[in-house]
Amino acid sequence: MDGHNHVPERLIVVSNRLPVTVKRAGGGFEYTPSVGGLATTLNALREDMEMIWIGTPGINVGSADEFQRIETDLRERFDSVPLQLSAEQFDKYYLGFSNGCIWPLFHYFPQFAHYDHEEWEAYRDVNARFCEKVLEHAGPNDTIWVHDYHLMLLPAMIREALPDAIIGYFLHIPFPSYEIFRTLPWREEILRGLIGSDLVGFHSYGYARHFLSSLLRILGLDQDFGRVNLGDRTIRVDTFPLGVDVERFAGARELPEVQDELENLREQVAGKKVILSVDRLDFTKGILERMEAFERFLATRPEWLGKVSLITLLVPSRTQVPEYQQLKKQVDETIGRINGEFGLPGWTPITYLYRFLPFEKLAPLYLLADVGLVTPLRDGMNLVAKEYIATRTDDTGVLILSETAGAAAEMGEAIIVNPHDEEMIVEALEQALNLSLEDQVERNRVMRARLKRYDTNRWAADFITQMEALRDIRRSNLPRRLRDDLRQSLLNAYREADRRLLLLDYDGTLVKFAPTPEGARPDAELIKILSELEQPENNQVVVISGRDAETLEGWLGQAGIDLVAEHGARFRKDGGGGWKEAEEITVGNWKEELRPVFDVFVDRTPGALLEEKGHALVWHYRRAEPGLGLQRAAELTETLEGYVANTSLHILQGHKVVEVKPSMVSKGRAAQPWLHEKPEYDFILAIGDDVTDEALFEALPEDGWSVKVGIPERSKARFFVSDSAEVRRLLKDLQDTD
Ligand code: GDG
């Protein structure tokens, strides 16, 4: 986030289902807006901005007349736009591809995923139908927010028609690891669909990382701090853990109907301990595994017989699908078996509710339960875990939570279990039932505070703010792609100039990044290009690098070009002679002071290393685990900021490096001797990929050709190219121009 707090003028939300349920009633229709969850959160945004919601109405109407009535009602009363699909098309897209292929696959159940070409085509067609609907309502500059796995192709479809729209996409389920995702026959189409967005959001950092890794391995797209360069635009990939409506759940115990129901329930359980689980009846939720763990608990901890009950609320879901019918049957049988085996007159081990309960009946269950048992095998987030904690404002109760639920990333104070490990669940149950009140409160207080800070409203506001920030970046003066026509102008300017100066960064510009600093030696072709470009009388090539003088000398000394090392601290001019110090830099013995700080971060980050240069300390994390590296880079920067405040030291976040150096050393300053040479150069080209090159771009005269390599966001350069291969081609073309 960068401090912007804009709201879009108009937001178009698109999801499979509209947040209104339509039912036939009498001769007409009855509309019930969904309460709670995403619907409530997003609908609350209507206070600040104009918003329309596009989705299917969840009802099948035969005649066009009837549909028109629904359409008018939804539009007028709910600012919602229904999309009508035939029952057959809907089934193939929704039950077929979305829930028969993507849902199991993304939850690590590849054995349940069926790959059916017809269903895939229906999915694509329905995404296209959604796109048409969006285009009926969206203007060229609108902000569009697409939700979930049913609509993964939609962002690219909208992008094609509305290149300037801001498009956000949020996935509510896990994004699986590359090894799972790669088995999908349509993996490439799905990724291309998603990158039509400007912002792709996930519940957790792990999912974002899996997505980025698939982009790299399948489409060859690399990332930089969660930004992916697509050539003509950049997309952002980020984490937005969905929260719950804390106020609503926390307020539940004040409601008279909740209090009555709670009292009623308490009488019924008559002092017995209560374990609660709440799920949609779905194979991802680990329902059978949980029952079996409870069975084992009863078998191995007989002292609890008659003293504890498991209340399991299962909400019917996808009931037409054979796998779900099968699961329902197994659940019924398992519960029957356990109750038959352990039940006593007056005590049933498992109380089984198979229906949807209104909020006023659900909240009392959360308040009643001593233990919340949430053990999905995989779950994008799992809101039940958060709701349980949010409802219990006195911070009592124990949450047992599966490590494979997205929520586990934020709820580390819960008892975390592996949902496949029966014994671990049994032990967790025992621990939970015996946990002291103080311990309960201590754990829950921390979690509840966190839930309050990042509730649903904050989540939505964060996502929207990020989308709008991207709009601001797009509006600002970004470098332009060095397209063929611009490239031709550059070559013409070069040809016509009397004196030409080429200021070139080294790593990431002339050569690709290598895993270690020593690995990026120049190849023979590069040396040849550089020395030939230096040949003509009127040409001057300067490599301005952050590397130390010895390395540059060893690698590029033979090319006869000028060299600047350590971002300008030392230089070698006129193709030979010795190295000179740019100026005396005395900032005390800052290196002695800061080295221990760096050392700590080397120790804490496997793969990271410290490089010491004449005038700088550089922490490299290219070889560290990517996520960890980024996280530590941010921490290190923050720590260093405390040390360097009010000194002339500078912290630079470069390509997988964090560097500290005195700020009078900069590439812009380093270029001055050449920029002020007489007679003047009338063609100046500067190319670089790093934040340190920005100072160089800024130092160029207005008609200078500054070219950024990689993502153009926040660069002062006039132009950009994608990678070092493109730089190489450009230099060769310059060579061929004379
Ligand atoms: C998907 C992802 C992700 C359930 N029974 C009743 C009832 N519920 C409510 C709960 C909760 C919601 O339904 C279930 O949400 P979950 O997050 O647990 O799971 P999914 O339905 O699978 O949702 C999931 C979520 O999207 C959001 O991004 O967290 O990982 O799979 O809010 O309270 N509500 C009422 N009566 C019930 O009987 N009133």
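What you see is a predicted model, and the numbers here were worked out from it, not measured in a lab.
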Short side-chain to backbone donor-acceptor contact, [X] and [Y], under 3.5 Å:
| X | Y | value |
| --- | --- | --- |
| Gln84 | Val61 | yes |
| Ser213 | Arg209 | no |
| Trp347 | Val308 | yes |
| Thr391 | Leu367 | no |
| Glu119 | Tyr93 | no |
| Ser34 | Pro19 | yes |
| Ser436 | Asp439 | yes |
| Glu30 | Val22 | no |
| Asn339 | Ile350 | yes |
| Asp455 | Asp245 | no |

Test salt bridge (Lys or Arg N to Asp or Glu O under 4.0 Å) applied to Glu413 and Arg448, Arg450, Arg445, the passing residue: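 Checked Arg448, Arg450, Arg445 against Glu413; only one passes salt bridge (Lys or Arg N to Asp or Glu O under 4.0 Å): Arg450.
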
Does Tyr149 have its ring centroid less than 6.0 Å away from the ring centroid of Trp103?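 Between Tyr149 and Trp103, the centre distance is under 6.0 Å.
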
Is it true that His150 and Tyr123 have ring centroids separated by less than 6.0 Å?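 Centroid distance His150-Tyr123: not below 6.0 Å, so no.
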
Could Glu88 and Lys92 be called an ion pair, given the rule that one side-chain N must be under 4.0 Å from one carboxylate O?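 Here Glu88 pairs with Lys92 in a salt bridge, since their nearest N and O are under 4.0 Å apart.
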
Is it true that Asp125 and Arg129 have a side-chain N and a carboxylate O under 4.0 angstrom from each other?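 A salt bridge is absent here (no side-chain N lies under 4.0 Å from a carboxylate O).
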
How far does [atom1] of [X] sit from [atom2] of [Y], to the nearest 0.5 angstrom?
| X | Y | atom1 | atom2 | value |
| --- | --- | --- | --- | --- |
| Leu399 | Leu276 | CG | CG | 10.5 Å |
| Met424 | Thr375 | CE | OG1 | 12.0 Å |
| Gln440 | Asp394 | CD | CG | 9.0 Å |
| Ile425 | Glu427 | CD1 | CD | 11.0 Å |
| Leu105 | Gln111 | CG | CD | 10.0 Å |
| Asp282 | Glu323 | CG | CD | 10.5 Å |

Tell me the closest heavy-atom pair linking [X] and [Y], and the distance in Å.
| X | Y | answer |
| --- | --- | --- |
| Met291 | Val331 | CE-CG1, 4.5 Å |
| Leu451 | Val246 | O-CG2, 3.4 Å |
| Ser15 | His147 | CB-CB, 4.0 Å |
| Leu184 | Tyr115 | CD1-CE2, 4.0 Å |
| Gly346 | Lys272 | O-NZ, 4.1 Å |
| Met411 | Ala385 | CE-O, 3.9 Å |

Looking at residues at least two apart in the chain, or sitting in another chain, which of them share a side-chain contact (heavy atoms from CB on, under 4.5 Å) with [X]?
| X | answer |
| --- | --- |
| Ala250 | Thr393 |
| Asp379 | Lys285, Pro376, Asn382, Ala405 |
| His210 | Tyr108, Phe175, Ser177 |
| Thr41 | Thr456, Asn457, Ala460 |

May I ask you to establish whether Arg124 and Trp186 are in a cation-pi arrangement, using a distance under 6.0 Å from NZ or CZ to the six-membered ring centre and at most 45° from the ring axis?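 Output no; distance or angle outside limits.
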
Are [X] and [Y] close enough that some pair of their side-chain heavy atoms sits under 4.5 Å apart?
| X | Y | answer |
| --- | --- | --- |
| Leu42 | Leu45 | yes |
| Glu422 | Glu289 | no |
| Leu18 | Pro82 | yes |
| Leu362 | Val278 | yes |
| Arg182 | Arg187 | yes |
| Tyr178 | Leu216 | no |
| Phe211 | Leu194 | yes |
| Leu171 | Asp148 | yes |

According to the ring pair (Phe, Tyr, Trp, His ring centres under 6.0 Å) rule, which pairs have a member within residues 353-389, sequence neighbours left out?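 Only Phe249-Phe359 qualify under ring pair (Phe, Tyr, Trp, His ring centres under 6.0 Å).
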
Tell me the ring pair (Phe, Tyr, Trp, His ring centres under 6.0 Å) pairs involving residues 314-342, sequence neighbours left out?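 Of all non-adjacent pairs touching residues 314-342, those that pass ring pair (Phe, Tyr, Trp, His ring centres under 6.0 Å) are Phe283-Tyr324.
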
Tell me whether [X] at atom [atom1] has more than 12 heavy atoms from other residues, nucleotides or ligands lying less than 6.0 Å away.
| X | atom1 | answer |
| --- | --- | --- |
| Glu333 | CD | yes |
| Glu303 | CD | yes |
| Glu403 | CD | yes |
| Lys361 | NZ | no |
| Gln259 | CD | yes |

For side-chain contact (heavy atoms from CB on, under 4.5 Å), just list the numbers for Val237 and Phe202, CA-CA rounded to whole Å, side-chain angles, deciding distance to a tenth of an Å, and then say yes or no. CA-CA 8 Å; Val237 177; Phe202 298 94; 3.8 Å; yes

Exercise: do Gln466 and Asp462 side chains pair donor with acceptor under 3.5 Å: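 Asp462 and Gln466 do not have a side-chain donor-acceptor pair below 3.5 Å.
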
Are side-chain N/O atoms of Thr21 and Thr32 paired as donor and acceptor at under 3.5 Å?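 Side-chain D/A pair, Thr21 to Thr32: absent.
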
Describe, in one word, how the ring planes of Phe297 and Trp304 are oriented to each other, choosing from parallel (under 30°), tilted (30 to 60°) and perpendicular (over 60°).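 Phe297 vs Trp304 ring planes: tilted.
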
For the residue pair His203 and Phe170, categorise the inter-ring angle as parallel (less than 30°), tilted (30 to 60°) or perpendicular (more than 60°).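 Answer is perpendicular, since the angle exceeds 60°.
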
For a salt bridge (Lys or Arg N to Asp or Glu O under 4.0 Å) check, start with the C-alpha distance between Lys328 and Asp332, then their side-chain angles and the critical distance, and finish with the verdict. CA-CA 6 Å; Lys328 165 77 169 52; Asp332 291 353; 2.8 Å; yes

side-chain contact (heavy atoms from CB on, under 4.5 Å), that's the test. Do Thr56 and Tyr94 meet it? Break it down for me. CA-CA 11 Å; Thr56 62; Tyr94 180 76; over 6 Å; no

